[in-house]
Structure formats: C-alpha cells, structure tokens
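Proteins come first, then strands; the chains are lettered A, B, ... in the order of their sequence lines, and each starts at number 1. What you see is a predicted model, and the numbers here were worked out from it, not measured in a lab.
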Number of protein chains: 4
Amino acid sequence: MNSFGRLFRLSIVGESHSGSVGIIIDGCPPGIALIDKDFDADLSRRKSGPIGTSARMETDLPVIKNGVLNSTTTGAPLYIEFQNSDKRPDDYDNIKHTPRPGHADFTAYKKYSGFNDYRGGGHFSGRLTVGIVAAGVVAKKIMPGIEFTTKLIEAGGFNDIDKNDIDKNDIDKTVESAIRANDSIGGIIECRVVNIPAGLGEPYFDSIESALAHAVFSIPGIKGIEFGAGFAAATMTGSQHNDSIIDADGSTSTNNSGGINGGISNGNELVFRVAVKPASSIPQQQGTIDLRTGNRVNIEITGRHDACFALRVPVIVEAAAAIVLADFQLIRNAYLA
Amino acid sequence: MNSFGRLFRLSIVGESHSGSVGIIIDGCPPGIALIDKDFDADLSRRKSGPIGTSARMETDLPVIKNGVLNSTTTGAPLYIEFQNSDKRPDDYDNIKHTPRPGHADFTAYKKYSGFNDYRGGGHFSGRLTVGIVAAGVVAKKIMPGIEFTTKLIEAGGFNDIDKNDIDKNDIDKTVESAIRANDSIGGIIECRVVNIPAGLGEPYFDSIESALAHAVFSIPGIKGIEFGAGFAAATMTGSQHNDSIIDADGSTSTNNSGGINGGISNGNELVFRVAVKPASSIPQQQGTIDLRTGNRVNIEITGRHDACFALRVPVIVEAAAAIVLADFQLIRNAYLA
Amino acid sequence: MNSFGRLFRLSIVGESHSGSVGIIIDGCPPGIALIDKDFDADLSRRKSGPIGTSARMETDLPVIKNGVLNSTTTGAPLYIEFQNSDKRPDDYDNIKHTPRPGHADFTAYKKYSGFNDYRGGGHFSGRLTVGIVAAGVVAKKIMPGIEFTTKLIEAGGFNDIDKNDIDKNDIDKTVESAIRANDSIGGIIECRVVNIPAGLGEPYFDSIESALAHAVFSIPGIKGIEFGAGFAAATMTGSQHNDSIIDADGSTSTNNSGGINGGISNGNELVFRVAVKPASSIPQQQGTIDLRTGNRVNIEITGRHDACFALRVPVIVEAAAAIVLADFQLIRNAYLA
Amino acid sequence: MNSFGRLFRLSIVGESHSGSVGIIIDGCPPGIALIDKDFDADLSRRKSGPIGTSARMETDLPVIKNGVLNSTTTGAPLYIEFQNSDKRPDDYDNIKHTPRPGHADFTAYKKYSGFNDYRGGGHFSGRLTVGIVAAGVVAKKIMPGIEFTTKLIEAGGFNDIDKNDIDKNDIDKTVESAIRANDSIGGIIECRVVNIPAGLGEPYFDSIESALAHAVFSIPGIKGIEFGAGFAAATMTGSQHNDSIIDADGSTSTNNSGGINGGISNGNELVFRVAVKPASSIPQQQGTIDLRTGNRVNIEITGRHDACFALRVPVIVEAAAAIVLADFQLIRNAYLA
C-alpha cells in the first residue's frame, strides 16, 4: 500500500500526468520551522536540467497545504502538494495498448485489470519521488545533528575508487555517448550518514537494513542495495570482515558492517550503496505486444526522458534514509524518556 | 518491532539460550493440512551437521501449539514453538562485558541499556530463524503451484557461473581451509521462483523488492540484495537491460528485471541474490572494549560456531520469499474476488 | 495517528480554517465508476442549513485529484480535497489563549506544546468529517448490495420508541428552545445495515465492534456506542438475550446481538447506536483559564455554531460503518478466493 | 487480526480446549522488574470461584517463556503462556454441528468454512483474556503513577447510584436467583483512572476513545461503552455538559467529558463504563439449527459456565485500559524527548 513508517508516517498519492502529486507526512513533531524555501536545495538536486536528464521541466514548487501555521509545524499531518505543470497526457495514447519494455505498463495493466492510469506510468512514475524528497527535508529537521553525503560513484560503468568520487567529465562523456546511441545508462549511488546515535533500529523484521531497503526499493529503478562491505563481504573471511571495537563509544577500526550490527546502529558511519538501472525509455525500436490482440509489435518511445536518471536519484535515496532514521529516532525516544 | 506482514502476519519471540523460540503465524487460511512432518524437509536444510556448520545440535522439532485441529489449520493464529535443547547459557558469562566484534552485543547493550539477554546474542541470534523457516513451510502451502530453487552460488570467493552452481568439493575445500585458519567465510545465495502470477506486489512503499528485502534483511548476516541483473544493471545500457515482451502472458526474451516491473510481478521467473557475510564468531584474538571500564581488551571466542553459516541460509531466504509472496497473494485475492 | 484501515485505508489531513481538508483513500479496487455527483447525496446530509445547524456554509465540492481516470478508479490511491471557502481564521484570535470548555483547545495545546492550529479547533475540527463522508461514499460502492439506514432517534431528550423515529416537529421545537436559551442539545443516532454476509470481522482485537467503535469515536462529539440490545443487555437474562437461530442462513428470532457474534457478522441486521453530546460552543459565559497566566477567566464564544450538530452526524456515522465493512469485505475476499 | 497496539504491541494465540493460550508482548521497555508473582493479584481477580462463576478451575500460572532475564525485562518481546489444565475438549462433541445461540459457533463456522476449533468456542473463548490480563500487568508497570479503580456497578439490574457501588449481597442474591432459574445475568462495569498526564491520545482515528473501545470490544460479551456522561450526554444541554476549566493544570469543575477532549487526555480522571451481556451458556432448551441438515433443533448446554461472568470482567477491562494507555504513553514519550 501507499504508506510507510510507524511514527513518522508517509502516505503518497499522484500520477505522472494528472493535475498533481502529493504526500501526507504524519507524526511530524510540532514546533519545527518550515517554509517553502527549506525545500529548495534538495528539490533542485532532483530536478531536470543537466545533460542526461529529461526535457520535462517541472517547477517543483511545494505547496504546504496543511499542518503548518505561522511557518511552524503544528503536530497535525502535513500535506505537501506539487502541481504537474509540464504534463502532456496525450503523449501516451500510443502506448496505452503496447506496454513499454522495462516499465510498469504491463504489470499495472495486469494488477489493475486495465483500469490503471497508463499516462507516463501513472502512479508508478518517478514523478512521485518529488514527495519523497520533500518528506526527506522534513525528516532531516527532526535530526539536526545528522549529516548525509550521497553521490553517484559510478555511471555507465565509469568509476574511480581511488578518488572515491566519479569524475564529472567522465560521466558527461558517457552520457553524451549514450545520447548519441539513442540509449541510456545506469549507475551506483553511495549514501554515507554520520552522527547517528547507537541504538537506532529494531530487532527481527525492523532492522535498519530492512527498513532502509524497504524505503529505497520504493524508488523506481533501484535493483540492488548493499550495506558496508556489502556483496564484497561474501568473499572476505571473518577475520577480515569483523570490525574491532576501539573505544567506549563503539568506534570501530574498520567499518565493514556499514555502521549496523544486528540491525541496530552502532554509532559509526552508516554506509550503503544502491544500483540504479539504465532508464527504460530509449528512442529505439523495442519488441512488445499489443494488449488487445496479444500479437507482437515493435514500438519506439518518443517524448522526454532521462538518458541517465541516476543523476537525479542521490537526493531521493538520501531522503529515504532520512525518513527511515527519523522514524527510528522517534521510536528510540519513546524508550529513553 | 517483531512483526511482519499485512494479512499473512508473523510475530516472533525467543532467545538463543532461553528455553525456547517461537513464531505466531496469523492470517493463515483455514483448511490447510498441516502436521509436524511437513516441516522436516525445510528444517533439515537449515540444520547443523555438514562440515562448516556449528557443533550445536538442536533437534528442531516443531510443536504446533495453537491454530491446528485434526491436522488442519483452523483459521486462528498458529503458534509454533521450538525447544532450545542444546543450550549452554553459561558459555557466555565471559562475553557479558566484552562485546564480540561483528555481533549485536554492543548495539543490543546500547539499545536496551544493558538489560539485553547477552547469551549467544539473545534475541538477535540466528536461532530464531528456525521460526521463519517454519512460517515459510506454511506460506508455501498457501501457494501450491509456486516452485522455489534456492542455493549457494558462491562461497568464500568460489563460484562457477557457467555451471550456474558451485561445486560442492570447492566449497568443502574452502571451508576446510577456513577452519584450519581458525576463520570463517561468507557466500552468495540465489533464489529463483517460478509460476508467480503477474500482478502481485503493491506500488509505492510495498513493491515486491521492498517487501522481500525487508524480510530478507531480518536474517542475521545478510549484507546485500539484488534483483535480476542487480548491481550489474548499473553498467548496462537501456537497450541491453530492457526485457522485450514476447507474448500475451508477458513472457520476456531476457529477464534482467528479475520478474518484477514497477514493484509488481510480471509472471516471469523471480530472481534475486543475497550476500551473506562470514560468521563473526571466529576462534581468534579480536579487539574490543570492556563495557565496565571502556578500556580496550582482546577476547577470543570459544564455543560452537559455523565456519560457513551461509551453508544453512538458503532455506531461510527461501522462507522469507515464500512469506512475502503468500502475503501478496492474499492481498491480491482481495481484489480479484 | 491519522490513518485507519488495513486494506481499504484512509489518511486524513486538514484544519477548520486552513485552505482545505482532504482524505487519501488507498486500497480502493480499480474499475469503480466515480464522479463528483456521486458524493452529492451524502454530502448534503452533512451540510449546514436546517434550523439548529451552523451558519457556516461550505460548498463542500469534492475535488478528486488523484486515483481516477475517465470517471473510473484506477487502483491507485484517491486524494479527495475540499476547499475551506467560508473560513474566518481571524474569528479565533480571542480564544488562542483561553481554551473553550468541552473543546480540544486545552488538550491540543498540551499535546502539541502550544504549536497547535487553534483556529476553530484546527485539525480537531468536525470540518474534517467531510472527508470521512466522501470515503463512505466510495466504501458503499465496494459493497453494492448492502443497505444503510441511519437516523437521529433522540434529540435533546425527545424520542419516540414506538414510531421508531423521532418526530421532526419535536426536534425543531427542542432545537428552537435551545437556541432561545443560548444553549445546545445532543442526541442519539441509530444505524442499521442489512445484507451483510455472515463471516465479516476478525477475532481478538479486530471484532466488528472494535473496528466500528474505533472508527465512530473518531467523529468529534461521540461519547458512547452500543450494539444490539447494548446497555440494556446488562439488565437482561441470558434466556431473554440469546437469539435463537432459526434457519440455515443463521437468521435469528430476535436480534439482541445486533448482528454480531464473537465479533463476526452473523448475516442478520447490524444495529448500533451512538450518543452525541451537545455542541460545546454556546453563546454563554463560561469559565476557563488564560494559558499565559494560569488565571481563571470567563469567555463567551461568538461566531457560527450548531445548536444541535447531532442533526448532521448520521451520515458521518454511516460513512464510518461503510468504511469498516468495506475493509472487512476486502479481507474476507482474500480468504474466499 | 490478532494483534493490537503501535509501540506496546500484543499478539494473542490460543483456544479454550487446546493445550495452552498465550500472548506476545512486544515493545515493552527493558529494565522492568517482572516475576511470576507480579501477576497474582490481577489474575486472581479474573479467576473462577465465587458464586456465579464457572466450575472450570484453571491454575492460571503464567509462564514467562521469553523476554525476561534475571527477573527483568530485556527489551525483547515477552511470550507469556498459560496451560489449559482443566480442559475437557470432548464435552463439545455434541455442539459441533449445533451452534449455541449467542456464541460465536455459527459465525466461526461461516468465517472459517467449518474448520474452526469448535470446542468451547475455540479461539473465540474468553479463556484467552487471561493473556490480556497478563499484558495489563506489564502495562501498569510502564506507568507506575497511574491508578485504576474498576468495579461492577450494576448486575442483573441491581445498582446503587448513591453509594456509587453495588451491594455485594444484592449481587449474590441476584446471581443465586439466576442460578435457580437456570439462567444468567449481565452487568455494567465502570473503570476510573487517575494521574494520567494531559496530552495522551492521537487526533483523527486514534483518539483515546477509539483505542480504548477497540481494546475493550475485544473482550467477549461486551456490548456497549460510554465515556464520562456517556449516553446521558444526549439528554443534556451544552451548558450542563461543558466542564469549566478551573486551573492551569486543566482541572475541571465537572467531568462530563470523562477526562478526554478531542480524543486527548485532559489530565482529569478518565471515566468509562461498559455493558456486559448475560452469559450465553445457560442450562435451558434453546432453538438452533443442525449445520449438516439446516433443520431446526433444540439443544441444552451442559458443562461448566458462569451464571454472571460480569463478575470476572472488571480486571480484563482494566487491563485493556492499561494496555492502551501504556501504548499512548510510549508514543507521547517519542515527542517529548
């Protein structure tokens, strides 16, 4: 269903080409200063514009319709709405009966017996992540001391482990060559979070990894997540992987666990990486079926799309992390009082 | 918290060295034949015994205490209990104040203000996964047509992509060398599921990936999960990654999506892999602190442990998948009636 | 928190004097015809207008912002919004520091540390029930065969048991005399529902009574609920109270149980009654405190209020019943498929 | 489903005549002293024994199987089990096909397609309330300052408003006359709770009334609940019903609201009453049907039953209140930290 969280709780609505998308943020503490401008920085990180991102230009102006009085949260649920101003619902008439490979068109058709909003993916669109980013902004305000660093560390196969950051020129070149080839590329995003207190997370069924993965896999196009050493841990020995504890705060000599033991934060840096697939919309002939006849047909997707939507995803992943941590922090408070 | 699922709903209890562990399975349909013997096959896949697994030998006899009458589920919640018959709580007196690296000892101490059951990890122990396996057996009965294949495809760095299966001799040799080195090794597990109907899963926040990752990261020692092409998708182009649809059932020419589009099953094979870290308990000197003084000390863990607990994890991962799919199937039923 | 339901799931937002109130309806089946006009009949039953109701006149035009395409539900969550067009936020400056007796002013101030939206009760206002009525309309469409009859059977002490309906003239006279006395009156509402299939509801913790009471007590001003014989059952003997079963469908000779046994519907008429308190806003001097000083002061509430808001509540109670039954019907479907 | 609560969370299992009943208590804070003896006082209030209660004599010895170490809660979930030692499952063979009027036999048969445990009501039995009482004991320990007074204020029609307590001799006489008439009687229970801080409870959908009613209607045989003035409020005017606020703590001159405004505690005494129906099991001929034939038959219930089970219910109602308040207190803590 379209809700997430226990105390800090989201409910999401909207479609790519309806009038608007929005998000309810319930369980937000009262007394938090909140104005439209607070959303600018994170929303701009998600925006189209740079090379490799879609030509669809949304203003992404957050309208805080409820839950705020005198620029301060009241304790009642927030509803934040975003207009779909640059929508073109008619662009999708041609795909109504020919589900695009890689997209949710076929599965939505099956799940909703053909009543799904097929226009640009409808409710399955990445457009709705604008609400997740907004919720992330609010979540960060609940934990003022915590700091996030989230970036693309690999795109289209390029990465630079030594510099621990991918060179912008390399990305641009890869993106440009993908655009020339009428194709798209994926990437890997790393999120690092410091100053998380030890003791967040729940045992069995609500580990930090469980909740974070749950939130992150709500973002369209994510195909993998790993924590700390991650998949590389499978090739390590225990003596390599174990992080020695070196002080009373629980600091460790290495951080292969990624800041989590037994599903609970240990006070060290939280580290995780997610794999973003290449965008499914590419201006090439692709094989699919006609839902009316069941016959195979070729389609070519036109319109405005991201050649590398991984460029826009870091802030969404970061928001998902902030949302999960804020919820765990509130739950933690319940037992410290 | 210790619950999971929406209609097919689990609540888990227990500790490694208390009298028992158990699981409530709520929302199980009435009329399902269920006897103790039904659990044998899956429980034996999780058992110790082979080289590389712990010397702790539990009988793992399931006691169905509630929810069954005349060998048939009644519709009321099941409670299935497992005695801890080979427990040795006193083995852990020496670690009470010296948290073991890689384990949940330090984080549990912090989270529960020192009141946690420290004996063998207490509630954080993999011992509780016996209940998850039991719930998986029940879940599979809800979906009789669905078939699972789950196996270790890499251990200690060994894998054989071509044969799509790791050679048992290679594993044994790797495990033996880890044992000789007083060390442990990790591995990668792949789960494949066929005959899932298209249309399972929910949009935003309850995608199949979200729910599966949530469940799988409840298993101690899992550090990563990927679906379909997974992390490799980050290096592919859209034209490589997109799966062409080739018939009216939604069959695709390739399966890079792993059977999921937009979080919803597309009817193709569900494929995912998880990374299992090497066991944290190794018979070597390791650095930690004394919680009473904050001083650094060295400890050496004695007792009975798995040199390669990844050998026992496939059936647990498979159970987690069955649990998630059963829940989604029930929810799907609600809208097909 | 501001959510309710398991499969048919609501999330509510809004305040009395902000720009709008709204409701997310998640889990609504796809393919249900839905246009604005469908809401007219029920919304008009909740409207002000008749003698004894507030002079605040809202247009109550539902705006279906999401979840509907071509006048049909898509399966994605609905968001239905209502503008607050006749709001007067400045009317409440004088009560900001002097909580009105009987209202949530004092408790909201305490709960939200003074950051609550105090204007007309803010988020605690009965204004938000317009969204509950809208959700009720959608819920009724999920169960087309079920019929509701909900009415005021007592107001200001007047009732007519024999006619099983209170005389409209008696109410009007009572209301008029309350208005003349600058006072308000309460009432009792009875809801009867026929054609509910046997087998809805859940054992322990989610009985029909539990869920219905939960929903109904979300409506401001409700102070009691009883099912079937209700409080009168306390004075009956078992031989009087027990309903003999007289046919294979479970029809009973009497209906003291109100259509529910063990928390589960038995196929007979569902009958329950709720007590509505007199409106707290009355144009009389009342004693309260000044939150800034803690000193006792007298206030007189001005503005637009209902002398008998019980007149507007039947449709809200009915909507709550429809919401609960729709959720139970969907859950029931899950096990019948 | 069989779970309740948000942070302080229960999951219940068991049947009247299986081996045991039990309850998981999740979200209990660590560090709370807890031994078997702590349950004695409340469990004895629920026990059979006095005139008018069943001849079934259970020892009701709580077995704390999980979640406690060294007589102290660990933070992990508790599982508390009670053996069914005085069970007689064969007593119920004769009712397997003839559902008892007033009981859940018919509805359970319908809901679970005939697979329900029919022995003594199975999972629907009041036997399971022993677990609710146990959870209430734990809940009370979370709120040490709060005091509960819960008693039968009316039984079989007898009450004494002036003395605010029903005369024990009157009850005994009424019960005796019911026993002589092979009949049963109901009653009304009042629960009063002092020292609740202002600010507990949640707006829309999780008011104190909603949560309390939800919990209380999980107790078999409850047919009504009212808060403060309750149903009498329907006959009052606003000027009579409104409680003037008389000091900075929110103390009120009267308490018609029962300590709750807008669903949130106001710091005054919490007052609510519940109606308990007469026991459905009476040693008289009653009409029902044979489920195999659909034909009408007469049955006479034999065995051991309560002529006035309302005598045993006060402590269960009190436990339900404690459970709800503990959950709200934990949620409140989350926002005060």
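- For the residue pair D:N242 / C:H103, no side-chain donor-acceptor distance below 3.5 Å is found, with atom types taken as modelled.
- The structure places OG of C:S218 at 11.5 Å from CD of D:E202, a figure rounded to the nearest 0.5 Å.
- If you check the side chains of C:S239 and D:D183, you find a donor sitting under 3.5 Å from an acceptor.
- Going from atom OH of C:Y335 over to atom NZ of D:K111 covers 8.0 Å, rounded to the nearest 0.5 Å.
- Ranked by heavy-atom pairs shorter than 4.5 Å toward chain C, the options D:N266, D:I12, D:L200, D:I260 are led by D:I12.
- Taking 4.5 Å as the limit, some side-chain heavy atom of D:I132 sits within range of a side-chain heavy atom of C:Y204.
- Between C:D206 and D:S3, the shortest heavy-atom contact is OD2-O, 4.5 Å.
- Chosen from D:T235, D:I185, D:I225, the residue pairing most often with chain C at heavy-atom distances under 4.5 Å is D:I225.
- With rounding to the nearest 0.5 Å, the separation of CD1 in C:I222 from CD in D:E226 is 13.5 Å.
- Between atom CD1 of residue D:I245 and atom CG of residue C:D105 there is a gap of 7.5 Å, rounded to the nearest 0.5 Å.
- With a 4.5 Å cut-off on non-hydrogen atoms, C:T174 does not touch chain D at all.
- In terms of heavy-atom pairs under 4.5 Å with chain C, the best-connected choice from D:I208, D:D249, D:I188, D:L128 is D:L128.
- If you tally non-hydrogen atom pairs under 4.5 Å between each of C:G156, C:G258, C:G228, C:A104 and chain D, the highest count goes to C:A104.
- Aromatic ring pairs are classed by plane angle as parallel below 30°, tilted from 30° to 60° and perpendicular above 60°; the pair D:F205 and C:F4 is parallel.
- Of the listed residues (D:I246, D:V276, D:I282), the one with the most heavy-atom contacts under 4.5 Å to chain C is D:I246.
- The contact between D:D247 and chain C is made entirely by backbone atoms, counting heavy-atom distances below 4.5 Å.
- Atom CZ in C:R296 sits 8.0 Å away from atom OG in D:S244 (nearest 0.5 Å).
- Across all non-hydrogen atoms, the minimal contact from C:R332 to D:K110 is NH2-O, 3.2 Å.
- At a 4.5 Å heavy-atom cutoff, the contact between C:V274 and chain D is made by backbone atoms alone.
- Under the 3.5 Å distance criterion, the side-chain polar atoms of D:K223 are matched with a main-chain donor or acceptor of C:S257.
- Within the model, atoms OG1 of C:T288 and CG of D:D243 stand 11.0 Å from one another, a figure rounded to the nearest 0.5 Å.
- Residue with the most contacts toward chain C among D:A233, D:G199, D:G238: D:G238 (heavy-atom pairs, distance under 4.5 Å).
- Taking chain C as the reference chain and counting heavy-atom pairs below 4.5 Å, the highest number among D:G262, D:S125, D:A275 is found for D:A275.
- Contact annotation for C:A279: only backbone heavy atoms (N, CA, C, O) come within less than 4.5 Å of a heavy atom of chain D.
- Comparing C:D290, C:I289, C:N256, C:T252 by how many heavy-atom pairs each has under 4.5 Å with chain D, the most go to C:I289.
- Interface check for chain D: of the options C:Y109, C:F227, C:Y112, the most heavy-atom pairs under 4.5 Å are formed by C:F227.
- Across every non-hydrogen atom of D:R273 and C:F231, the tightest pair is O-CZ, 3.8 Å.
- If you measure heavy-atom distances from D:T237 to chain C, the contacts under 4.5 Å come from both the backbone and the side chain.
- At a 4.5 Å heavy-atom cutoff, C:P197 makes no contact with chain D through either its backbone or its side chain.
- When all heavy atoms are compared, the tightest approach of C:G250 to D:F106 is CA-CZ, 3.3 Å.
- Minimum heavy-atom separation, D:P278 to C:M236: CG-O, 3.4 Å.
- For C:S280, the parts lying under 4.5 angstrom from a heavy atom of chain D are both the backbone and the side chain.
- When heavy atoms are compared at a cutoff of 4.5 Å, D:S113 does not approach chain C at all.
- Between chain D and the residues C:A310, C:G221, C:G263, C:G187, the most heavy-atom pairs under 4.5 angstrom are made by C:G187.
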